[in-house]
Amino acid sequence: MSKKACKFKTGKPGFGCKDGKLYRFEKKSVLVLAPWPEPQAWFKSHRKGWHSSRKRADKVFSETLFSKDWIKREGYGFIGELTWDVWLGDPAKPQPGEVEQYKRYHGKEPKSPEDILAHRQKIRETNEWCEKNKWAVRYVRKLLSPYFDAMPDEVREELSRYKNRRWHLFCLFARCPGALELSWSNPALCYALASNWVFHKPAVKRPMEAARRLIGKKQRHILGWLGFPGTESVRRIMAKVDPQALNIKRFLAFRGALQNPSIVKWLSRLERINVEVMDMAAWREYHPFLSAGLLMAFSREKDWRKLSDAKVLFNDTVRMARKLPGVHPRRTIQTLQQLKVFHDHLVQEQNLQWMRERLAERGVTRLDFPRPPFAGTPAIQPIRDTDSLQAEGVEMNHCVAIRMEWALGRRSFFYRVLAPVRATMEVNYSTSMRKWIPGELKGKHNGSVPDSLKELLFAELFAGGPYIGEAEFSGQIAMGAGHD
């Protein structure tokens, strides 16, 4: 460890902006980002002196970059593109504007006056939270705007289209004339070129120089250099990919899938390729269940809630089908409705197989799940073992048992909800947030539960506190008795 690194002392954690540079101070490190038109990054910690770090630069830059239009908005701009109005009047006869607002907020039609009243309360709480946190907008304006305002508006808006690796793209735009135009015409190709050392093997020693030499060449030539099929059909497919769907792991798998002529043929028919379509095409285990019609259905769906539910349905279908190799769809799955029919058929087959093995008393091994994260309530009871989870799936006629491995690996945990509705509840462990978060809540036949009731049930579960085992409970009683 160098003497300079030993003497290093950081400032107060937070951001700073001086002489055009952006500073990010943390407990034991500092990151400095130089602005447009010559972006550079320097990182220093208590372990090592100043050095370059693309990974740390991208993490800070991607998380803090904001659209110029976003910061110009007053009040509630930082919660999204909508300014929420609080409506008054009879909830049984809501105004058309309030119904439209409800649909945009919840993704569905209100079914009762209670839904409207709950929505109004939610909007009041959201607006109150935003009012209290206006200081965050002022903080961002004061500390971050000078750095981001230095870049041209068109560069800033183009970077906002991407979800990650924005620093790599920022450097490409600054150092390679023509890169911005490439991003406008083919964002996926530009994304790969900005991280070309990942795609081109062996990796070049000077990636920006390589990008400058390539930027003026035909897109098919760039594709071939990056390891993609250098064909016109693949070039057109890449141009359809939504920038929000891009990340390195998925993109590398997608590159492998583009070697499959059937996948290329199906993708060529689509108008856009979203994250769901890209995932389905990228991973080889999904390919036996794909068709041009099914990919088209996922591509055309605009409602993100319906799209998310359909992707979960597809994933569960694939997992069940791999565990039941003798069960096949009657015909190629072409629509989301046909996918649901096949999913429900697999649920019945899975439950029947479990019941047959139970009756024959063979092949059924009961495994206890790890300790529940929450104690639950009399109406929300933890499901403690694999046999009980399978029985829950049989009773509710859904495929919760296919996620048994998740519970055994402590990625998820399941609860039996008895009141006020009969449902199965899932909580998931977030590794990034390091805590348990709400998952799905489904009724019989994967029926939906109203959002307001869902929020209430998850709140009751989380408020119940951690689970206490019998041994711990007995120990607490003994300790309490010792104090009397």
Side-chain angles (χ1 to χ4, degrees), residues 106-112 115 118 276 298 301 303-321 323-324 336-355 369 372-374 376-430 436-462 464:
H106 298 281
K108 60 182 180 180
E109 295 269 0
K111 295 182 179 179
S112 66
D115 289 344
E276 288 78 15
F298 274 91
E301 181 57 64
D303 189 321
W304 66 268
R305 289 182 177 86
K306 291 180 181 178
L307 199 55
S308 177
D309 289 345
K311 185 58 167 52
V312 170
L313 190 75
F314 178 78
N315 291 343
D316 289 344
T317 300
V318 171
R319 279 196 293 270
M320 283 191 291
K323 287 196 171 185
L324 299 167
L336 295 179
Q337 180 58 34
Q338 290 175 6
L339 176 65
K340 186 177 186 310
V341 169
F342 183 50
H343 170 274
D344 293 346
H345 175 60
L346 288 171
V347 169
Q348 293 178 357
E349 288 296 324
Q350 176 182 260
N351 293 338
L352 284 172
Q353 178 178 308
W354 176 77
M355 287 190 288
F369 292 139
F374 302 101
T377 69
I380 306 175
Q381 300 175 356
I383 298 175
R384 300 301 312 277
D385 57 68
T386 55
D387 204 39
S388 300
L389 187 66
Q390 186 72 64
E392 177 75 2
V394 171
E395 180 182 345
M396 300 297 288
N397 201 13
H398 56 43
C399 64
V400 67
I402 202 65
R403 305 183 186 182
M404 197 175 290
E405 290 81 1
W406 295 6
L408 290 169
R410 203 166 172 76
R411 290 172 55 194
S412 298
F413 201 87
F414 300 92
Y415 290 82
R416 183 183 294 105
V417 179
L418 303 176
V421 294
R422 183 68 178 93
T424 306
M425 175 185 286
E426 178 186 14
V427 291
N428 301 317
Y429 185 76
S430 170
W436 291 90
I437 59 174
E440 291 191 323
L441 183 66
K442 296 292 186 181
K444 286 193 174 183
H445 304 282
N446 279 325
S448 60
V449 177
D451 289 344
S452 55
L453 181 57
K454 187 183 299 184
E455 290 181 10
L456 178 63
L457 288 170
F458 276 114
E460 287 182 7
L461 175 68
F462 287 16

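Side chains included, hydrogens not; waters and symmetry mates left out as well; all remaining heavy atoms used. The structure displayed is predicted, hence computed values, not measured ones.
Across every non-hydrogen atom of A379 and A419, the tightest pair is CB-O, 3.7 Å. Minimum heavy-atom separation, P378 to L418: O-CD1, 4.0 Å. The minimum heavy-atom distance linking V449 with G443 is given by the pair CG2-N, 4.3 Å. The shortest non-hydrogen separation linking R305 to D303 is N-OD1, 2.9 Å. Taking both residues in full, the closest heavy atoms of A310 and L336 are given as CB-CD2, 4.1 Å, listed atom of the first, atom of the second, then distance. When every heavy atom of F458 is checked against every heavy atom of E440, the shortest pair comes out as CZ-O, 3.9 Å.
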- Message: Show, in sequence, the C-alpha distance, side-chain angles and deciding distance for T424 and V417, and conclude whether the side chain to side chain contact (heavy atoms under 4.5 Å, CB included) test is met.
- Response: CA-CA 6 Å; T424 306; V417 179; over 6 Å; no

- Item | Intermediate values then yes/no, salt bridge (Lys or Arg N to Asp or Glu O under 4.0 Å), R422 and E395 | CA-CA 10 Å; R422 183 68 178 93; E395 180 182 345; 3.3 Å; yes

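Partners of T317 according to the side-chain hydrogen bond (donor to acceptor under 3.5 Å, both in side chains) rule, which considers only residues two or more places apart in sequence or in another chain, do not exist here. F298 pairs by the ring pair (Phe, Tyr, Trp, His ring centres under 6.0 Å) definition with nothing, not counting sequence neighbours. Residues satisfying the side chain to side chain contact (heavy atoms under 4.5 Å, CB included) test with D385, not counting sequence neighbours, are R366, D368, D387, S388. Partners of A401 under the side chain to side chain contact (heavy atoms under 4.5 Å, CB included) rule, at least two apart in sequence or in another chain, are Q350, Q390, M404. Under the side chain to side chain contact (heavy atoms under 4.5 Å, CB included) criterion, D451 pairs with H106, K108, K454, not counting sequence neighbours. For A407, the side chain to side chain contact (heavy atoms under 4.5 Å, CB included) test picks out F369, F414, with sequence neighbours left out. Scored by the side-chain hydrogen bond (donor to acceptor under 3.5 Å, both in side chains) test, S412 finds E426, N428 as partners (sequence neighbours excluded). With sequence neighbours left out, the side-chain hydrogen bond (donor to acceptor under 3.5 Å, both in side chains) criterion links E405 to K323. Residues meeting the side-chain hydrogen bond (donor to acceptor under 3.5 Å, both in side chains) test with S112, sequence neighbours left out: E114. Residues passing the ring pair (Phe, Tyr, Trp, His ring centres under 6.0 Å) test with Y429, sequence neighbours excluded: W436.
The stretch residues 407-418 participates, sequence neighbours left out, in these salt bridge (Lys or Arg N to Asp or Glu O under 4.0 Å) pairs: E392-R416. Within the structure, salt bridge (Lys or Arg N to Asp or Glu O under 4.0 Å) pairs that include any residue of residues 342-352 comprise K340-D344 (at least two apart or interchain).
For the pair P420 and L457, the minimum side-chain heavy-atom distance is below 4.5 Å. No side-chain heavy atom of L346 sits less than 4.5 Å from a side-chain heavy atom of H343. The shortest side-chain heavy-atom distance between L389 and R384 does not fall under the 4.5 Å cut-off. Residues V427 and P373 are in side-chain contact: their nearest non-hydrogen atoms beyond the backbone lie under 4.5 Å apart. Counting heavy atoms from C-beta on, the side chains of M396 and H445 never come closer than 4.5 Å. Side-chain contact between F374 and Y415: present, with at least one pair of heavy atoms (C-beta onward) separated by less than 4.5 Å. The shortest distance between side-chain heavy atoms of V312 and D316 falls below 4.5 Å.
For the atom pair CG of L408 and OG1 of T386, the computed distance is 6.5 Å after rounding to the nearest 0.5 Å. Note that CG of N315 and CD of E276 are 10.0 Å apart. Values are rounded to the nearest 0.5 Å. The distance from atom CG of D115 to atom CD of E109, rounded to the nearest 0.5 Å, is 11.0 Å. One finds the CE atom of M425 at 8.0 Å from the CD atom of E460 (value rounded to the nearest 0.5 Å). Once rounded to the nearest 0.5 Å, the distance linking CG of L324 with CD of Q348 reads 12.0 Å. From L453, atom CG reaches atom OG of S448 across 11.0 Å, with rounding to the nearest 0.5 Å.
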